[in-house]
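This report concerns only the one structure given below.
Values below: all heavy atoms of this structure, side chains included; hydrogens, waters and symmetry mates excluded. Counting starts at 1 for both ligands and their atoms, in listed order. Computed from a predicted structure; not experimentally measured.
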Amino acid sequence: MEVNNVEHLPERIGYITRVQSFSACHRLHSKALSDEENKKVFGKCNNPHGHGHNYKVEVTVRGKIDRRTGMVMNLTDLKQYIEEAIMIPLDHKNLDKDVPYFADVVSTTENLAVFIWDSLTKLLPPNLLYEIKVYETDKNIVVYRGE
Ligand SMILES: Nc1nc2c(c(=O)[nH]1)N=C([C@H](O)[C@H](O)COP(=O)(O)OP(=O)(O)OP(=O)(O)O)CN2
Ligand SMILES: [Zn+2]
């Protein structure tokens, strides 16, 4: 069968996003602060027994739209990377106790976004990951771009 030449088509850059939700509990507590300071800084979120969230994460990759496949990357592959980097380590977990990364790192949404960024960059082809957006609640949203 004849294969079309598509090299004459202009090069385009695209952004694709996949959304994933997961549930986890945590407590905001810094080992770099005294108990009194922790209470003052984190308030109700420092409650020793923790609290839970239904997190939503938007993973965006940026890259050339392949002229032959029409894709920046296959979303089915991205889904698999998200399963490995987000769902397996974080879903239905106590972030502070079940995820070694948060043993000494405060489980804020900022640090959660950094953790997800670092985990995904280990799996994705180089220079594709563009942005991680984490919704801790409908009102509390963090964006991280690897800076
Ligand atoms: N910079 C950050 N500040 C706070 C974070 C964070 O991750 N980064 N996290 C929290 C708490 O985890 C807390 O769970 C937030 O909950 P809450 O204030 O109840 O959430 P809402 O603002 O959406 O709730 P409403 O009471 O309905 O406004 C705190 N700070
Ligand atoms: Zn919280």
Is it true that a side-chain atom of Lys93 and a backbone atom of Ile88 form a donor plus acceptor pair closer than 3.5 Å? yes
Only distances under 3.5 Å count here; give the side-chain donor-acceptor pairs of residues 13-22 to other protein atoms, sequence neighbours excluded, each with its distance to 0.1 Å.
residue, atom, partner, partner atom, Å
Tyr15, OH, Arg62, NE, 3.3
Thr17, OG1, Thr60, OG1, 2.7

Do any N or O atoms from the side chain of Tyr101 and from the backbone of Asp104 form a donor-acceptor pair under 3.5 angstrom? no
Check each N or O atom of ligand 1 against all protein N or O atoms and list the pairs under 3.5 Å, with atom names and distances to 0.1 Å, one per line.
residue, atom, partner, partner atom, Å
ligand 1, 1 (N), Glu110, OE2, 2.8
ligand 1, 7 (O), Thr109, N, 2.7
ligand 1, 7 (O), Thr109, OG1, 2.8
ligand 1, 8 (N), Glu110, OE1, 2.8
ligand 1, 9 (N), Glu136, OE1, 3.3
ligand 1, 9 (N), Glu136, OE2, 3.4
ligand 1, 12 (O), His26, NE2, 3.2
ligand 1, 12 (O), His51, NE2, 3.4
ligand 1, 12 (O), Glu136, OE2, 2.8
ligand 1, 14 (O), His51, NE2, 3.0
ligand 1, 14 (O), His53, NE2, 2.9
ligand 1, 19 (O), Lys44, NZ, 2.9
ligand 1, 20 (O), Asn140, ND2, 3.4
ligand 1, 23 (O), Thr137, OG1, 2.7
ligand 1, 27 (O), Lys139, NZ, 2.8
ligand 1, 28 (O), Lys139, NZ, 3.1

Check: Ser30 main-chain N/O paired with Asn38 side-chain donor or acceptor under 3.5 Å: yes
Got a sec: does the CG of Asp138 have more than 12 other heavy atoms crowding it under 6.0 Å? no
If you draw a sphere of radius 2.8 Å around the Zn ion (ligand 2), how many protein N/O/S atoms end up strictly inside it? 3
Return a table of donor-acceptor pairs under 3.5 angstrom between the side chains of residues 70-80 and protein atoms on other chains or two or more places apart.
residue, atom, partner, partner atom, Å
Asn74, OD1, Thr76, N, 2.9
Asn74, OD1, Thr76, OG1, 3.1

dist Lys97:NZ -> Cys25:SG (nearest 0.5 Å) comes out at 8.0 Å
To the nearest 0.5 Å, atom CZ of Phe42 lies from atom NE2 of His29 at 8.5 Å
Taking Asp98 for the side chain and Asn94 for the main chain, is one N or O donor matched with an acceptor at less than 3.5 Å? yes
